[in-house]
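These notes are about the structure you will find just below.
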Amino acid sequence: MSEVLRVGNASGFYGDRFSAWREMLDGGELDVLTGDYLAELTMLILGRDRMRDPDLGYAKTFLRQLEGCLGTALDRGVRLVANAGGLNPPGLAAAIRALADRLGLPVRIGYVEGDALARPAALTANAYLGAFGIAACLDEGADVVVTGRVTDASLVVGPAIAHFGWGRDALDALAGATVAGHLIECGAQVTGGNFSFFSELPDGGHRPGFPIAEIHPDGSSVLTKHPGTGGAVTVETVTAQLLYEVGGPAYLGPDVVTWLDTVTLGQDGPDRVGVSGVRGTPPPDTLKVGVNNLGGFRNSMTFVLCGLDIPAKAALVREQLVEAVGEEGLEFTLARTDHPDATDTEAASALLHVHLRDADRARAGRAFSAAAVELALASYPGCTLTTLPGDATPYGVFTADAVPQDEVAHVAVLPDGTRVPIAPPPVTCLEGPPVQHQALSGAPSLHLSGPTRRAALGELVGARSGDKGGDANLGVWARTDATWAWLRGWLTVRRLAELLPETAPLTVRRYELPNLRAVNFVIEGLLGAGVAASTRFDPQAKALGELLRARVVDLPADLAAGPAPADPEVRP
């Protein structure tokens, strides 16, 4: 057994860079290569695929990617682990076997199932399984392991369990590997993709490489990437990904609760960031369950409102459409993209987005879009639309609940077909750790009462935001210790409501992560019934952090913009 397990990632979502599997296999040494294909929206897409063809329900892209690189992986001894099985892990395993036979490649395939749950009327219902089923397949010699709905981090934790022989009681090691898995599961997002300070990257963020986690026997790791690939691996790029789609300091998983407030990062050389100090406690006695239901049908039309009297023009359209199709299910959003005294049409125009959701496909379809088009010569001056009339499309509603771990039949199907039940953890926390609503702490900032300057908040801080069902998370980190001393006292829930008014009526939970110089907000209900049902302009809240950074505020005059000085040592 080697002292370091090198785990790479080649997919952060269904539709990620197709060539990444080839790039990672050709780019340097690896022991395991993982791919994450599943998100809440993806499960809905796969559910609709399965409705059309019961033999589908898995990520077809993965199969096409394997065709060009399965032989390379086998030749180099790189084991492949992916959750591309989606709703049909046995179906994907059979398709891979058929592909290998066609290519003349001997391959041992394992898969993990048991996540699918019976829920009346649900399109999909899947528990988030842990990593020990993956480990069981690898222990029995699997070259390729495919799964259904496991936690994203399990794709990395499973290989580490198999490699280092960790048991259920190795909680700190499991937690450390969970952090490593969370960091690389979104692919290039940890190597400079979607990074607030992308212009500072060596290649300007043009084509970041995919990440590698070098995992050690104690669960600590070093994040890196193949030499010569784009982007960068720095404490800040890693911080950004660590804040992505998380809640409080207690990161609940099926195998361990990982305490994010114990994570310590430090630059370990060029494109190398050490991750250490992670602590774990027993997992909750329940598993998260993601449920997708078909919510009805939706359609959208966008009107261009140019020049004067923008609110009155929007009001006229509203009155006319309500009269034409009725008010139920209609939603109007006026985006004031217009500028006064503009010299071209686009700069002088606002956009009125009109959405309709209904259980009746006919009403949400042509009846609505045709009614909008019929206003072209009978509404406000300059009436025009950016959308053509079209039919309605179905949308899904995502909800999450929980099920006792011992009620889920987690099964590893080994390469020889043997079915091995994976027992739940013997020690759990009955209800999981209590949610910690962090209040402001520490001494008052020295910067709160000094001279200030008006500038964008993003001069001093970075941000990363994302979705979790109908909620959004917004993580904000300070670039220096001095900025953190100011930020933690300044960026309160009330201040956030002032800067982002759409959060004001919602429940917002605030958490501090001092080791990361960061504060994380969970904004409940911002995305309504979830990504697939949301009519918000930014339905996955991906740009929420950049919106916050763009707000002009009073910054302390003595705080300089720019990153913290490079420090080769792990920050205490």
Side-chain angles (χ1 to χ4, degrees), residues 13-15 38-52 87 119 121-125 290-305 314-315 317-335 337 350-376 379 383-400 466-472 502 506 523-544:
F13 68 101
Y14 192 12
L38 301 184
E40 292 154 2
L41 179 60
T42 311
M43 299 300 279
L44 174 67
I45 294 169
L46 296 179
R48 290 174 59 188
D49 283 351
R50 189 177 58 177
M51 288 177 65
R52 291 189 292 268
L87 303 175
R119 294 292 174 88
L123 178 65
T124 69
V291 181
N292 277 295
N293 288 285
L294 292 177
F297 300 89
R298 62 189 292 177
N299 207 346
S300 299
M301 300 293 285
T302 297
F303 291 83
V304 178
L305 315 176
V317 172
R318 182 186 186 106
E319 293 164 4
Q320 291 175 308
L321 283 179
V322 167
E323 182 177 345
V325 300
E327 187 170 12
E328 185 177 355
L330 276 176
E331 182 178 330
F332 297 83
T333 303
L334 178 60
T337 53
L351 299 176
L352 178 64
H353 304 290
V354 188
H355 310 279
L356 178 60
R357 291 182 290 193
D358 199 277
D360 182 356
R361 184 169 195 154
R363 176 173 179 261
R366 290 281 179 172
F368 163 66
S369 60
V373 171
E374 288 171 1
L375 298 180
S379 189
C383 180
T384 187
L385 294 93
T386 64
T387 44
L388 297 173
D391 201 359
T393 56
Y395 70 89
V397 174
F398 177 86
T399 56
D467 62 286
K468 275 298 179 186
D471 301 339
E502 64 180 328
L506 304 175
I523 305 159
E524 298 182 3
L526 182 70
L527 307 180
V531 170
S534 178
T535 57
R536 193 174 177 273
F537 181 71
D538 176 23
Q540 293 182 278
K542 303 298 186 185
L544 190 66

Kindly determine whether T333 and R536 satisfy side chain to side chain contact (heavy atoms under 4.5 Å, CB included), including the steps that lead there. CA-CA 9 Å; T333 303; R536 193 174 177 273; over 6 Å; no
Counterpart residues, salt bridge (charged side-chain N to carboxylate O under 4.0 Å, His left out), relative to D49 (two or more places apart):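 For D49 the salt bridge (charged side-chain N to carboxylate O under 4.0 Å, His left out) partners, ignoring immediate neighbours, are R52, K60.
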Nearest atoms (heavy-atom pairs only) where Q320 meets S379: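 Nearest heavy atoms, Q320 then S379: OE1-OG, 2.6 Å.
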[X] side chain to [Y] main-chain N or O, any donor-acceptor pair under 3.5 Å?
X    : Y    : answer
D467 : G469 : no
R363 : V325 : yes
D358 : D360 : yes
D538 : A543 : yes

Heavy-atom check, side chain of [X] versus side chain of [Y], under 4.5 Å:
X    : Y    : result
L526 : E502 : yes
V354 : L330 : yes
L527 : F398 : no
H353 : F332 : no
D471 : I523 : no

Count the heavy atoms belonging to other residues, nucleotides or ligands that lie under 6.0 Å from CD of E331, then report whether that count exceeds 12.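 Above 12, so yes.
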By side chain to side chain donor-acceptor pair (under 3.5 Å), E374 pairs with (sequence neighbours left out) none
Determine whether L123 and M51 satisfy the following criterion, side chain to side chain contact (heavy atoms under 4.5 Å, CB included), listing intermediate values before the conclusion. CA-CA 9 Å; L123 178 65; M51 288 177 65; 3.4 Å; yes
Pairs where residues 383-398 contributes a residue and the test side chain to side chain donor-acceptor pair (under 3.5 Å) is met, not counting sequence neighbours: none
Worked check of side chain to side chain contact (heavy atoms under 4.5 Å, CB included) between R357 and F297: CA-CA 6 Å; R357 291 182 290 193; F297 300 89; over 6 Å; no
For side chain to side chain contact (heavy atoms under 4.5 Å, CB included), just list the numbers for L375 and L385, CA-CA rounded to whole Å, side-chain angles, deciding distance to a tenth of an Å, and then say yes or no. CA-CA 10 Å; L375 298 180; L385 294 93; over 6 Å; no
Point-to-point distance, once rounded to the nearest 0.5 Å, from CD of E328 to CG of L356: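 Reported value, rounded in 0.5 Å steps: 9.0 Å.
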If you measure from CD1 on I45 to OH on Y14, what distance do you get to the nearest 0.5 Å? 8.0 Å
What residue among T124, L38, N292 forms side chain to side chain contact (heavy atoms under 4.5 Å, CB included) with L46? L38
